[in-house]
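See below for the structure under consideration.
As a basis for the values below, the full set of heavy atoms in this structure was taken, side chains included, without hydrogen atoms, waters or symmetry mates. Note that the numbering runs from 1 along the sequence shown for the chain.
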Amino acid sequence: MSCGCLDIITTSNADIISTVEFNHTGELLATGDKGGRVVIFQREPESKNEPCNQGEYNVYSTFQSHEPEFDYLKSLEIEEKINKIKWLPQQNAAHSLLSTNDKTIKLWKISERDKRPEGYNLKDEEGKLKDLSTVTSLQVPVLKPMDLMVEVSPRRIFSNGHTYHVNSISVNSDCETYMSADDLRINLWHLAITDRSFNIVDIKPANMEDLTEVITAAEFHPYHCNLFVYSSSKGSLRLCDMRASALCDKHCKLYEEPEDPSNRSFFSEIISSVSDVKFSHSGRYMLTRDYLTVKVWDLNMETKPIETYQVHDYLRSKLCSLYENDCIFDKFECAWNGSDSVIMTGAYNNFFRMFDRNTKRDVTLEASRESSKPRAVLKPRRVCVGGKRRKDDISVDSLDFTKKILHTAWHPTENIIAIAATNNLYIFQDKVNSDMH
């Protein structure tokens, strides 16, 4: 698997990448960071002169999506950090995306301009109105070529919809609505209406002391516009049908795996919290990530997942120290490849894991500057726990827990993946299956 590394400015807290998302064709890739910026990368077209550059992503546009705000009623600072980005299906020459921080969701339009009008009758070259008495003849304005300019403009601002921090946004397959989820509620919005949303899930108890779980992620089904799923901090998934009732507090399916009593510990509830949920492209399966595993669920089977993959089981003995340094609360994302045959998720030490569902093989790879030279081939890495160690193995005690791959994305049709490692964006491409050994 070969790679390229895109370095996003210098290392500071504001430059840490907080979300990564391909658009529906994979030609554009957007990242959001803790400084409220969105950087869009565009894939270079294939060139006969430079075939080795095919598939490279270069900066297309950068803009400030959110600014820090202050809620005077609650005396709370609202961070500018971009929590999620979601692309809308392309309807015309322009592209559109939704970005959100903790409270405010914005709809952005990204368009290109490579021509400018010239020869106005009532305006001069600087755009100022002419003295009408000087206009003695009329001319037809013409469009003249200019250097390509990418314009980003805010089209809608959806605010005041959430009391708690927004953790997910998901665009519906009807292309007219989307939902946003916070810790206790999920709202349904129309893309054209900013001043109101409909509350479709509310798990807030009358007495907050009775609160036992929170919503951690939510996503619409890729084809059925009435279905959506949300995950909870207790490790369960709830599939809801908006045809059943306006308020979907009563789920139509509950996916939950019974806990093995022999594995019960002080940390059981924390590590079972689902940090991400993704429908497969086919719509038949769901992929979830908790602290130690990724699981594949069949929509038709609620009792247990059909597949469970250990991401870093060697950390089970380290949970106490991971609790003390707060790493146990890290929220890792997961991703499907285009054919739903391989799944990917992040780990520590800038490692990320891939699991082939057909062959049951898995591989650990590392996103690092050492391996980011163009056309470099990634070597599988292996973590060992005590005992004898092979030459390239790394000890579990040597893992760097400050280097973590939380955000990943997979190209919708090709074997191209984007990995966010702190302030670096790594793009790996080529054959995945050949690396599964």
Candidate pair Tyr309 and Val296, rule side-chain contact (heavy atoms from CB on, under 4.5 Å), full reasoning: CA-CA 9 Å; Tyr309 301 96; Val296 177; 4.3 Å; yes

Chi angles and distances behind the ring-ring contact (aromatic ring centres under 6.0 Å, His included) call for Phe158, Tyr178: CA-CA 11 Å; Phe158 306 88; Tyr178 76 92; 5.2 Å; yes

Chi angles and distances behind the side-chain hydrogen bond (donor to acceptor under 3.5 Å, both in side chains) call for Tyr60, Glu112: CA-CA 10 Å; Tyr60 179 62; Glu112 292 182 354; 2.7 Å; yes

Criterion side-chain contact (heavy atoms from CB on, under 4.5 Å) on Leu29 and Leu425, from CA distance to verdict: CA-CA 11 Å; Leu29 171 66; Leu425 177 67; 3.8 Å; yes

ring-ring contact (aromatic ring centres under 6.0 Å, His included) assessment of Phe428 paired with Phe352: CA-CA 12 Å; Phe428 301 96; Phe352 59 98; 5.3 Å; yes

Steps toward side-chain contact (heavy atoms from CB on, under 4.5 Å) verdict (Val150, Gln42): CA-CA 12 Å; Val150 180; Gln42 184 182 44; over 6 Å; no

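With salt bridges taken as basic N to acidic carboxylate O contacts below 4.0 Å, one links Glu333 and Lys84. A salt bridge links Asp290 and Lys295; the closest N-O separation between the charged side-chain nitrogens and carboxylate oxygens is under 4.0 Å. A salt bridge is defined here as a Lys NZ or Arg NE, NH1 or NH2 lying under 4.0 Å from an Asp or Glu carboxylate O, and Arg37 with Asp15 meets this definition. A salt bridge is defined here as a Lys NZ or Arg NE, NH1 or NH2 lying under 4.0 Å from an Asp or Glu carboxylate O, and Lys86 with Glu21 meets this definition.
Phe22 and Pro412 make their closest contact through CB-CD, 4.1 Å (heavy atoms, listed as atom of the first residue, atom of the second, distance). The heavy-atom pair separating Asn101 from Val166 by the smallest distance is O-CB, 3.7 Å. What you find for Ile419 and Ala367 is that their closest heavy atoms are CG2-CB, 4.1 Å. Minimum interatomic distance between Ala246 and Ile200 (heavy atoms only, all atoms of both residues): O-CG2, 3.8 Å. Closest approach of Met242 to Cys225, counting heavy atoms only: CE-O, 3.2 Å. When all heavy atoms of Arg284 and Ser280 are compared, the pair lying nearest together is N-OG, 3.4 Å.
Thr25 places none of its side-chain heavy atoms less than 4.5 Å from the side chain of Trp87. Leu88 has its side chain within reach of Leu107: a pair of non-hydrogen atoms, C-beta onward, lies under 4.5 Å apart. Within the 4.5 Å cutoff, the side chain of Tyr255 has heavy atoms near those of the Leu299 side chain. Tyr291 is listed as a side-chain neighbour of Leu322, based on a closest heavy-atom distance under 4.5 Å. Proximity of Val363 to Leu365: side-chain heavy atoms (C-beta onward) are separated by under 4.5 Å at one or more points. For the pair Leu292/His312, a side-chain contact is recorded, criterion being any heavy-atom separation below 4.5 Å from C-beta on. When side chains are defined from C-beta on, Tyr164 does not count as touching Val214, because their heavy atoms never get closer than 4.5 Å. Between Val277 and Trp297, the closest side-chain pair of non-hydrogen atoms is not below 4.5 Å.
In this structure, the side chain of Lys109 does not engage the main chain of Ala94 through any donor-acceptor pair within 3.5 Å. Checked by atom type and distance alone, the side chain of His224 never pairs as donor or acceptor with a backbone atom of Leu227 at under 3.5 Å. Between the side chain of Thr104 and the backbone N or O of Ser159 there is no donor-acceptor pair closer than 3.5 Å. In terms of modelled atom types and a separation under 3.5 Å, the side chain of Asn349 and the main chain of Asp400 share a donor-acceptor contact. His407 places a side-chain N or O within donor-acceptor distance of the main-chain N or O of Ser18, the cut-off being under 3.5 Å. Proximity of a side-chain donor or acceptor of Ser245 to a complementary backbone N or O of Leu247 within less than 3.5 Å is detected. Distance alone, capped at 3.5 Å, is enough to place a donor-acceptor pair between the Asn337 side chain and the Asp340 backbone. Checked by atom type and distance alone, the side chain of Ser272 pairs as donor or acceptor with a backbone atom of Glu269 at under 3.5 Å. Listed for the Asn23 side chain is a donor-acceptor partner under 3.5 Å among the backbone atoms of Glu27. At distances below 3.5 Å, at least one donor-acceptor pair connects side-chain atoms of Trp336 with backbone N or O atoms of Lys278.
Tyr285 carries Arg357 over the face of its six-membered ring, with the cationic atom under 6.0 Å from the centre and within 45° of the normal.
Residue-environment remark: CG (Asn160) stays at or below the threshold of 12 foreign heavy atoms within 6.0 Å. More than 12 heavy atoms of other residues, nucleotides or ligands shown are found within 6.0 angstrom of NZ on Lys360. Heavy-atom neighbours of Phe63 CZ from other residues, nucleotides or ligands within 6.0 Å: above the threshold of 12. Within 6.0 Å of atom CD in Gln90, more than 12 heavy atoms from other residues, nucleotides or ligands are found, so the atom counts as buried in its surroundings. The environment of NZ in Lys253 is crowded: more than 12 heavy-atom neighbours from other residues, nucleotides or ligands sit within 6.0 Å. The neighbour count for Phe198 CZ, taken as heavy atoms of other residues, nucleotides or ligands under 6.0 Å away, does not exceed 12.
The side chain to side chain contact (heavy atoms under 4.5 Å, CB included) with Ile85 is formed by just one residue from the set Thr31, Val38, Val20; it is Val38. Screening Lys379, Arg381, Lys403 against Glu366 for a salt bridge (charged side-chain N to carboxylate O under 4.0 Å, His left out) leaves a single residue, Arg381.
Side-chain contact of Arg113 with Ser111: a donor-acceptor pair under 3.5 Å is absent, judged by distance alone. The closest side-chain donor-acceptor pair between Asn83 and Asp102 falls under 3.5 angstrom. Ser368 and Asn350 are not linked by any side-chain donor-acceptor pair at a separation below 3.5 angstrom, with hydrogens and angles left out of the test. For the residue pair Asp330/Tyr348, the side-chain donor-acceptor check at 3.5 Å is satisfied. A side-chain N or O of Asn187 and one of Asn199 form a donor-acceptor pair less than 3.5 Å apart. Judged purely by distance below 3.5 Å, without hydrogens or angles, the side chains of Thr216 and Ser231 pair a donor atom with an acceptor atom.
Taking the six-membered ring where the residue is Trp, Phe220 and Phe228 present perpendicular rings, their angle passing 60° and hence far from 30°.
Of the inter-residue distances, the one linking Glu307 atom CD with Thr293 atom OG1 reads 12.5 Å to the nearest 0.5 angstrom. Rounding to the nearest 0.5 Å gives a distance of 11.0 Å between CD1 of Ile105 and OG of Ser65. Atom CG of residue Asn167 and atom NE2 of residue His162 lie 9.0 Å apart, to the nearest 0.5 angstrom. The line from CZ of Arg156 to CH2 of Trp189 is 13.0 Å long, rounded to the nearest 0.5 Å. With values rounded to the nearest 0.5 angstrom, His190 atom NE2 is found 10.0 Å from Arg196 atom CZ. Interatomic distance, Leu315 CG to Cys327 SG, rounded to the nearest 0.5 Å: 9.5 Å.
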